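Here's the structure we're looking at; comments come further down.
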Amino acid sequence: MMKLKQFVETYLKKIIASILVIAILLCSITLLGKIFTDPQTYNKTVQSIDEKKATVLGVSAAIAGTATILAAVPDDSTTPLAQEMMDLSTYLALVVCILVLEKSLLTVLGATSCYILLPISCLLTLGFIIKKNHALLSWAIKICIFAIALLILVPGSMKLSDYIYEINQTTEEAVSEEIVQSTEPEEEIAWYLKLWNTVTETIKNTAEAAIESGQEALNRFIDSVSVFVIAYCAIPILTVLLFLGLVKYLFGLNITINYKALSPEKLREKRKKLMPKNKEEHLSLDI
């Protein structure tokens with residue numbers, strides 16, 4: 001009786017725990033892996049990314065069209081406004097890049113978590129069950145938390161970005177209230193003509209009216225671009241920083257970014273070091 005009780009306490013519990021851990025490992029590789037690598041799982045997130053991408057591209061097209069109209073005004077009185085508008089397109093291009101990156105990372109991070117991190121966590125847990133090494137259990141828990149954080153990183157970031165965007169949606173509607181989410185060229189042209197009809201009418205009259213209309217359009221564009229940059233650039237960057245903070249806390253890594261090394265002055269110094277010291281050296285390099 002004592003031997004049976006001792007066997008139950010020492011081996012049966014380990015066997016049951018090991019079976020449960022192995023079941024979780026197989027479930028992660030088979031079931032969870034298929035779920036979190038299937039694009040249909042992130043259907044709402046992908047739809048939100050595509051909608052915001054179409055809106056950003058629509059605003060970018062509107063900026064380009066308005067800048068072209070302003071640049072065509074005689075006497076070059078509105079050319080500075082046109083140049084400032086075109087500079088805003090750079091920020092919109094950055095927003096589009098981040099949206100595309102987030103869309104690409106959805107299934108990649110899901111595969112990383114389900115096929116790599118969670119199985120490693122399960123194997124470490126098995127090592128703890130067999131060896132009773134608490135360091136293995138600690139690492140298993142940390143890796144499991146890291147895997148879960150990877151799974152919710154992009155969807156959570158998009159949810160927060162959409163929330164910020166909806167709060168400031170009235171500002172965006174002032175610029176693109178009638179944007180049609182469609183791929184048909186006729187509808188896009190109709191939207192563009194309807195959106196900038198008032199701008200073209202005032203620009204055709206006088207240069208002063210063009211400057212006034214251009215300044216108003218520029219202000220509205222700045223408000224619109226600011227909303228996009230805050231919602232879909234700043235929020236994802238802050239989310240990544242929080243994620244790095246979690247990684248640093250879990251694994252004790254010292255993650256530092258030397259911002260001074262990226263300053264224009266430091267880059268100029270590095271460029272000068274790479275340049276030839278004198279003309280003779282320059283000529284020898286050319287030869």
Side-chain angles (χ1 to χ4, degrees), residues 17-56 94-129 134-167 228-257:
S18 300
I19 291 173
L20 289 175
V21 172
I22 293 171
I24 294 172
L25 189 151
L26 295 175
C27 181
S28 174
I29 295 174
T30 57
L31 181 62
L32 294 179
K34 290 181 179 179
I35 292 174
F36 288 103
T37 56
D38 186 4
Q40 295 297 325
T41 305
Y42 310 98
N43 194 23
K44 291 183 178 180
T45 303
V46 171
Q47 183 179 0
S48 176
I49 291 174
D50 290 338
E51 289 176 357
K52 298 308 179 295
K53 181 182 174 182
T55 305
V56 171
L94 178 61
V95 174
V96 172
C97 291
I98 291 178
L99 289 174
V100 172
L101 178 62
E102 287 184 325
K103 185 177 179 179
S104 303
L105 286 176
L106 283 171
T107 54
V108 173
L109 295 181
T112 303
S113 297
C114 297
Y115 292 132
I116 299 175
L117 296 177
L118 286 177
I120 290 175
S121 177
C122 291
L123 291 175
L124 290 174
T125 305
L126 282 175
F128 164 74
I129 294 172
H134 291 277
L136 295 176
L137 179 62
S138 176
W139 276 98
I141 294 173
K142 290 178 180 180
I143 292 174
C144 182
I145 295 173
F146 181 65
I148 295 172
L150 277 182
L151 287 176
I152 65 175
L153 179 64
V154 176
S157 174
M158 277 303 302
K159 283 286 185 182
L160 185 58
S161 297
D162 288 340
Y163 176 73
I164 299 298
Y165 176 79
E166 289 173 3
I167 292 176
F228 281 120
V229 170
I230 291 172
Y232 297 102
C233 288
I235 297 301
I237 290 172
L238 289 175
T239 305
V240 171
L241 291 176
L242 289 174
F243 179 77
L244 292 176
L246 176 64
V247 172
K248 182 178 180 180
Y249 175 77
L250 289 175
F251 302 104
L253 300 177
N254 187 16
I255 302 173
T256 57
I257 300 175

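Here the structure is a predicted model, which means the values were calculated and not measured.
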> For K142, which residues count as a salt bridge (charged side-chain N to carboxylate O under 4.0 Å, His left out) partner, sequence neighbours excluded?
Replying inline: none
Hey, could you give me the [atom1]/[atom2] distance between [X] and [Y], rounded to the nearest 0.5 Å?
{"X": "S113", "Y": "I143", "atom1": "OG", "atom2": "CD1", "value": "11.5 Å"}
{"X": "I120", "Y": "L25", "atom1": "CD1", "atom2": "CG", "value": "10.0 Å"}
{"X": "C27", "Y": "L20", "atom1": "SG", "atom2": "CG", "value": "12.0 Å"}
{"X": "L117", "Y": "C122", "atom1": "CG", "atom2": "SG", "value": "11.0 Å"}
{"X": "L160", "Y": "Y232", "atom1": "CG", "atom2": "OH", "value": "10.0 Å"}
{"X": "I116", "Y": "L150", "atom1": "CD1", "atom2": "CG", "value": "10.0 Å"}

> Within the distance-only criterion (no hydrogens, no angle test), does the side chain of S157 pair as donor or acceptor with the backbone N or O of T239 below 3.5 angstrom?
Replying inline: no
> Is there a donor-acceptor pair under 3.5 Å between the side chain of S104 and the backbone N or O of V100?
Replying inline: yes
When you compare the side chain of [Y] with that of [X], does any pair of heavy atoms fall below 4.5 Å?
{"X": "L124", "Y": "L137", "result": "no"}
{"X": "Y165", "Y": "T55", "result": "yes"}
{"X": "S18", "Y": "T125", "result": "no"}
{"X": "D162", "Y": "K52", "result": "yes"}
{"X": "L151", "Y": "L109", "result": "no"}
{"X": "L246", "Y": "L250", "result": "yes"}
{"X": "L244", "Y": "K248", "result": "no"}

Nearest heavy atoms of [X] and [Y], plus distance in Å:
{"X": "L118", "Y": "S28", "answer": "CB-OG, 3.4 Å"}
{"X": "M158", "Y": "L99", "answer": "SD-CD2, 4.3 Å"}
{"X": "D50", "Y": "K103", "answer": "OD1-NZ, 3.0 Å"}
{"X": "P119", "Y": "C114", "answer": "CD-O, 3.3 Å"}
{"X": "T37", "Y": "Y115", "answer": "CG2-CE1, 3.9 Å"}
{"X": "G127", "Y": "L136", "answer": "C-CD1, 3.6 Å"}

>> Restricting to ring pair (Phe, Tyr, Trp, His ring centres under 6.0 Å), what partner residues turn up for Y42, sequence neighbours left out?
In response: none
> Excluding sequence neighbours, so at least two apart, what forms ring pair (Phe, Tyr, Trp, His ring centres under 6.0 Å) with F243?
Replying inline: F146
